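This report refers to the structure that appears directly beneath it.
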Amino acid sequence: MKVSGSVALVTGANRGIGRHFALHLLERGASKVYATARTPELIDVPGVEVLRLDITDPSSVAAAAAVAADVTLLINNAGIATHQNLVFGDLEKVRLEMDTHYFGTLNTVRAFAPLLASNGGGAILNVLSALSWISYDGAGAYSAAKAAEWSLTNGIRLELAGQKTLVTGLHLGAADTDMMARFDVEKSDPADVVRVALDGIEAGRLEVLVDDASAQAKAALAADPSVVYPQTVIAA
């Protein structure tokens, strides 16, 4: 999959990592970039084709797919963070996380996969998280939704292999975006995240780990939960 000459669609392109995807795709020679958002009037990237797209609304997704029928590279970036835990958090916000990260991503994949097949196979990149693999108190809803999206990514990769569609999962810890502005932690430059992601697509990689946080989270999957979450061990 080559970025140069591709026709890309980016969800959530009005800010943060999504905006950087739109910029870098153009810089790397994409022939067309559809930049989408629920509020398309906020998209300020010169040279893109702006579309309204709410990934949680199947009719909105279908309308975008009808316009962007020439897509060869789908970047599923749109997401939210409600900062809710699962047991005592606001259940509607918990549902919103799942509706966005899991069902919203699935909506776009179901709409665009047939188009990718018609256009030669192409590629899908799902923006996931280190929290796909580890839970964090204060973000239980986000972790659960991203874990579901990771499983979705593995599932669609199997289903779409026959049509020669590359499916890549992008995992990262914190990036220096509005979503993470309230947290005083080490953050990656969104431009670096996007560069690594696009390099991964061009290399045909199924999974891209941006930073130490994502690498450590994946490695921890093999550990006993008592090691990963020592605070949860209850003494006998």
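We number each residue from 1, following the sequence as shown. Only heavy atoms go into these numbers, but all of them, side chains included; no hydrogens, no water, no symmetry mates. In this text the structure is predicted, and so the values were computed from the model without any measurement.
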Problem set entry | From CA spacing to verdict: side chain to side chain contact (heavy atoms under 4.5 Å, CB included), Arg15, Leu42 | CA-CA 8 Å; Arg15 62 177 184 170; Leu42 297 180; over 6 Å; no
For this session: State whether the side chain of Tyr229 and the backbone N or O of Ser135 hold a donor-acceptor pair below 3.5 Å, judged by distance alone.
Result: yes
Exercise. Taking 4.0 angstrom as the limit, do Asp57 and Arg38 come out as a salt bridge?
Worked result: no
Exercise. Given a cutoff of under 4.5 Å between side-chain heavy atoms of I, L, V, M, F, W and Y, with clusters grown through shared members, what are the other residues clustered with Leu115?
Worked result: Val7, Leu9, Tyr34, Leu51, Leu53, Ile55, Val61, Val67, Val71, Leu74, Met98, Tyr102, Phe103, Leu106, Val109, Phe112, Leu116, Ile124, Leu152, Ile156, Leu160, Val167
Exercise. How far apart are the C-alpha atoms of Leu25 and Leu73, what are their side-chain angles, what is the distance that settles it, and do they pass the side chain to side chain contact (heavy atoms under 4.5 Å, CB included) test?
Worked result: CA-CA 10 Å; Leu25 285 162; Leu73 173 57; 3.8 Å; yes
Exercise. Taking side chain as C-beta onward, heavy atoms only, is His20 less than 4.5 Å from Val193?
Worked result: no
For this session: On the 0 to 90° scale, with breaks at 30° and 60°, tag the Trp133-His171 ring pair as parallel, tilted or perpendicular.
Result: parallel
For this session: Output yes when a side-chain donor or acceptor of Asn85 lies under 3.5 Å from a complementary backbone atom of Gly138, and no otherwise.
Result: yes
Exercise. Just checking, any donor-acceptor pair under 3.5 angstrom between side chains of Asn119 and Asp70?
Worked result: no
Exercise. Distance-only, no hydrogens or angles: does the Glu202 side chain make a donor-acceptor pair with backbone N or O of Gly200 under 3.5 Å?
Worked result: no
Exercise. With a cut-off of 6.0 Å (strictly less than), are more than 12 heavy atoms of other residues, nucleotides or ligands near CG of Asp137?
Worked result: no
Problem set entry | With sequence neighbours excluded, residues passing side-chain hydrogen bond (donor to acceptor under 3.5 Å, both in side chains) with Asn76 | Thr108, Asn126
For this session: Would you please name every residue forming a salt bridge (charged side-chain N to carboxylate O under 4.0 Å, His left out) with Glu97, sequence neighbours left out?
Result: none
Exercise. Would Thr168 and Thr153 satisfy side chain to side chain contact (heavy atoms under 4.5 Å, CB included), going step by step from the backbone distance to the final call?
Worked result: CA-CA 8 Å; Thr168 301; Thr153 301; over 6 Å; no
Problem set entry | Within 6.0 Å of CZ in Arg28, more than 12 heavy atoms from elsewhere | yes
Exercise. Under the salt bridge (charged side-chain N to carboxylate O under 4.0 Å, His left out) test, which residues partner Lys93, sequence neighbours left out?
Worked result: none
Exercise. With distance as the sole criterion, is a donor-acceptor pair present between the side chains of Gln163 and Thr165 under 3.5 Å?
Worked result: yes
Exercise. For the side chain of Thr105 and the backbone of His101, is there at least one donor-acceptor N/O pair under 3.5 Å apart?
Worked result: yes
Exercise. Hey, would you say the His83 and Tyr142 ring centroids sit under 6.0 Å apart?
Worked result: no
Problem set entry | ILVMFWY cluster membership beyond Val87 - transitive side-chain contacts under 4.5 angstrom | Phe88
Problem set entry | Under 3.5 Å donor-acceptor, Asn77 side chain and Thr11 backbone | yes
For this session: Check whether any side-chain N or O of Arg52 sits under 3.5 Å from a backbone N or O of Ser60 as a donor-acceptor pair, and report yes or no.
Result: no
For this session: Say whether Ser214 and Asp211, considering side chains only, have a donor N or O and an acceptor N or O under 3.5 Å apart.
Result: yes
Exercise. How is the hydrophobic cluster of Val94 composed, in terms of its other members, when Ile, Leu, Val, Met, Phe, Trp and Tyr link through side-chain heavy atoms under 4.5 Å apart, directly or indirectly?
Worked result: Leu86, Leu91
